[in-house]
Trainee: 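Take a look at this one; I'll ask things after.
Heads up: numbering here begins at 1 and tracks the sequence.
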Amino acid sequence: MKKIIALVVTLVLLLVIGFGATYTVAENEYACVVRFSKIISITEESGLHFKVPFIDSVKSFPKATMLYDIPPSEVLTSDKQNMTVDSYVLWRVSDPKLFYQTLGSTVAAEDRLDALTYNALKNVMGTLAQADIINMDAASERNDIYSGIAVNVEELAKAYGIDVVDIKIKRFDLPESNENAVYARMISERNQMAEKFSADGQYSASLIRNDVDKQVNILISNAEAAAAQLEAEGEAEYMRLLAEAYDTDDKKEFYEFTLALDALQKTLDGDEKTIILSKDSPLAQILMGVSE
């Protein structure tokens with residue numbers, strides 16, 4: 001019986017020692033073997049590994065890029081306006097040994113990133129007026145400002161074994177006391193832009209109308225000149241044809257007679273049927289049957 005108990009105890013001890021002498025590493029983490037508070041080895045190769053039981057411990061840190069959503073914080077602009085900044089940081093452990101020696105955990109790392117990012121935001125925003133941040137300029141211009149913040153934080157984070165992948169500003173919030181004033185200023189600026197666009201459009205439209213009116217007047221003037229020329233040429237041709245048709249005295253007298261009849265006909269078209277002709281009028285003499 002004692003032998004069985006001893007055997008069981010031995011097996012338990014061997015199992016404990018065996019489990020204490022091995023550790024596993026996941027694909028997305030670093031494993032640091034710590035002996036007496038000092039890292040003696042670091043591995044990122046996944047699988048089963050060995051260590052000294054009861055003496056060595058294992059500290060694991062993630063290899064993947066992590067997102068830390070920074071709590072909103074207030075900053076002061078160069079024109080002494082308060083603004084609330086909501087941002088986040090993408091980061092990863094780049095030097096596990098340095099990370100363990102300086103911070104030791106992801107919670108401590110996030111606290112340090114929070115402080116570093118806030119200081120960088122405060123310094124950069126302190127050089128900008130509120131109008132430089134909230135305006136209608138292209139977003140790429142503001143992205144240049146934010147990239148400078150990321151570079152600043154990245155340089156400082158290297159001292160903790162951290163690689164800052166990116167820092168993004170999710171939004172800027174205004175204190176309620178300033179919000180209405182800023183909105184009113186933005187509305188005023190847009191109204192001014194709308195008025196400028198309207199004035200430019202009206203000016204362009206007036207130039208187009210003036211040009212069209214000028215072209216119309218030129219076309220009408222040219223058409224009237226061409227019509228007058230054609231009319232004059234027609235009158236000249238008409239007179240030439242008359243001269244050719246009535247080139248003798250008899251023809252001329254007949255032409256004058258027909259003109260007189262036409263005039264008499266037009267006179268008799270109205271309600272008044274009475275005409276007065278001189279006795280010396282050739283037409284009167286013809287109508288009265290008097291011959292010369």
Trainee: Roughly how far apart are Cys32 SG and Gln101 CD, rounded to 0.5 Å?
Mentor: 9.5 Å
Trainee: What about Tyr160 and Phe99, are their ring centers closer than 6.0 Å?
Mentor: no
Trainee: Atom CD of residue position Glu233 - does it have more than 12 heavy atoms of other residues, nucleotides or ligands inside 6.0 Å?
Mentor: yes
Trainee: Minimum heavy-atom separation for Asp86 and Ile70, please, with both atom names.
Mentor: OD1-O, 3.6 Å
Trainee: How close do Ile167 and Ile149 get, counting heavy atoms only, and between which atoms?
Mentor: CD1-O, 4.2 Å
Trainee: For the residue pair Val93 and Tyr30, what are the closest heavy atoms and their distance?
Mentor: O-OH, 3.4 Å
Trainee: Could you see if Tyr100 belongs to whatever hydrophobic cluster contains Val107? Use Ile, Leu, Val, Met, Phe, Trp, Tyr and a side-chain cutoff under 4.5 Å.
Mentor: no
Trainee: Start with the C-alpha gap between Tyr68 and Leu90, add the side-chain angles, then the distance that decides, and say whether side-chain contact (heavy atoms from CB on, under 4.5 Å) holds.
Mentor: CA-CA 6 Å; Tyr68 174 50; Leu90 294 176; over 6 Å; no
Trainee: Can a side-chain donor-acceptor contact be found between Tyr88 and Asp166 if the only test is distance below 3.5 angstrom?
Mentor: no
Trainee: Check Thr65 against Val165 and note the closest heavy-atom contact, atom names and distance.
Mentor: CG2-CG2, 4.0 Å
Trainee: I would like to know whether Val164 and Val151 meet side-chain contact (heavy atoms from CB on, under 4.5 Å); could you show each step before the answer?
Mentor: CA-CA 8 Å; Val164 175; Val151 171; over 6 Å; no
Trainee: Test side-chain contact (heavy atoms from CB on, under 4.5 Å) on Leu121 and Ile169 and set out the steps.
Mentor: CA-CA 10 Å; Leu121 284 170; Ile169 307 296; 3.6 Å; yes
Trainee: Does the pair Lys158/Asp95 count as a salt bridge with the N-to-O cut at 4.0 Å?
Mentor: no
Trainee: Please check if the number of heavy atoms outside Lys170 that lie under 6.0 Å from its NZ is greater than 12.
Mentor: yes
Trainee: Mind checking the CZ-CE spacing from Arg92 to Met66? Nearest 0.5 Å is all I need.
Mentor: 10.0 Å
Trainee: Between Thr106 (side chain) and Ala109 (backbone), is there a donor-acceptor pair under 3.5 Å?
Mentor: no
Trainee: With side-chain contact (heavy atoms from CB on, under 4.5 Å) as the criterion, how do Leu103 and Arg112 come out once you've worked through the C-alpha distance, each side chain's angles and the decisive distance to 0.1 Å?
Mentor: CA-CA 9 Å; Leu103 297 172; Arg112 188 56 52 89; 4.2 Å; yes
Trainee: Do Tyr118 and Val75 make a side-chain contact, defined as non-hydrogen atoms from C-beta onward lying under 4.5 Å apart?
Mentor: yes
Trainee: State whether the side chain of Ser221 and the backbone N or O of Asn217 hold a donor-acceptor pair below 3.5 Å, judged by distance alone.
Mentor: no
Trainee: Shortest non-hydrogen contact from Ala159 to Leu98?
Mentor: O-CD2, 3.6 Å
Trainee: Output every pair passing side chain to side chain donor-acceptor pair (under 3.5 Å) with a member in residues 191-209, not counting sequence neighbours, ordered by first then second residue.
Mentor: Lys196-Asp200
Trainee: Measure from the side-chain N and O atoms of Ser94 to the backbone N and O of Gly161, and report whether any donor-acceptor pair falls under 3.5 Å.
Mentor: yes
Trainee: Say you draw a straight line from CD of Glu110 to OG of Ser105; how long is it, rounded to the nearest 0.5 Å?
Mentor: 9.0 Å
Trainee: Determine whether a donor-acceptor pair (N or O, by modelled atom type, separation under 3.5 Å) exists between the side chain of Asn123 and the backbone of Asn119.
Mentor: yes
Trainee: At their closest point, which heavy atom of Gly104 faces which heavy atom of Phe61, and how far apart are they?
Mentor: O-CE2, 3.4 Å
Trainee: Quick one: does Asn222's side chain have a donor or acceptor within less than 3.5 Å of a partner on Ile218's backbone?
Mentor: yes
Trainee: So do Glu154 and Asp163 actually touch side chain to side chain, heavy atoms under 4.5 Å?
Mentor: yes
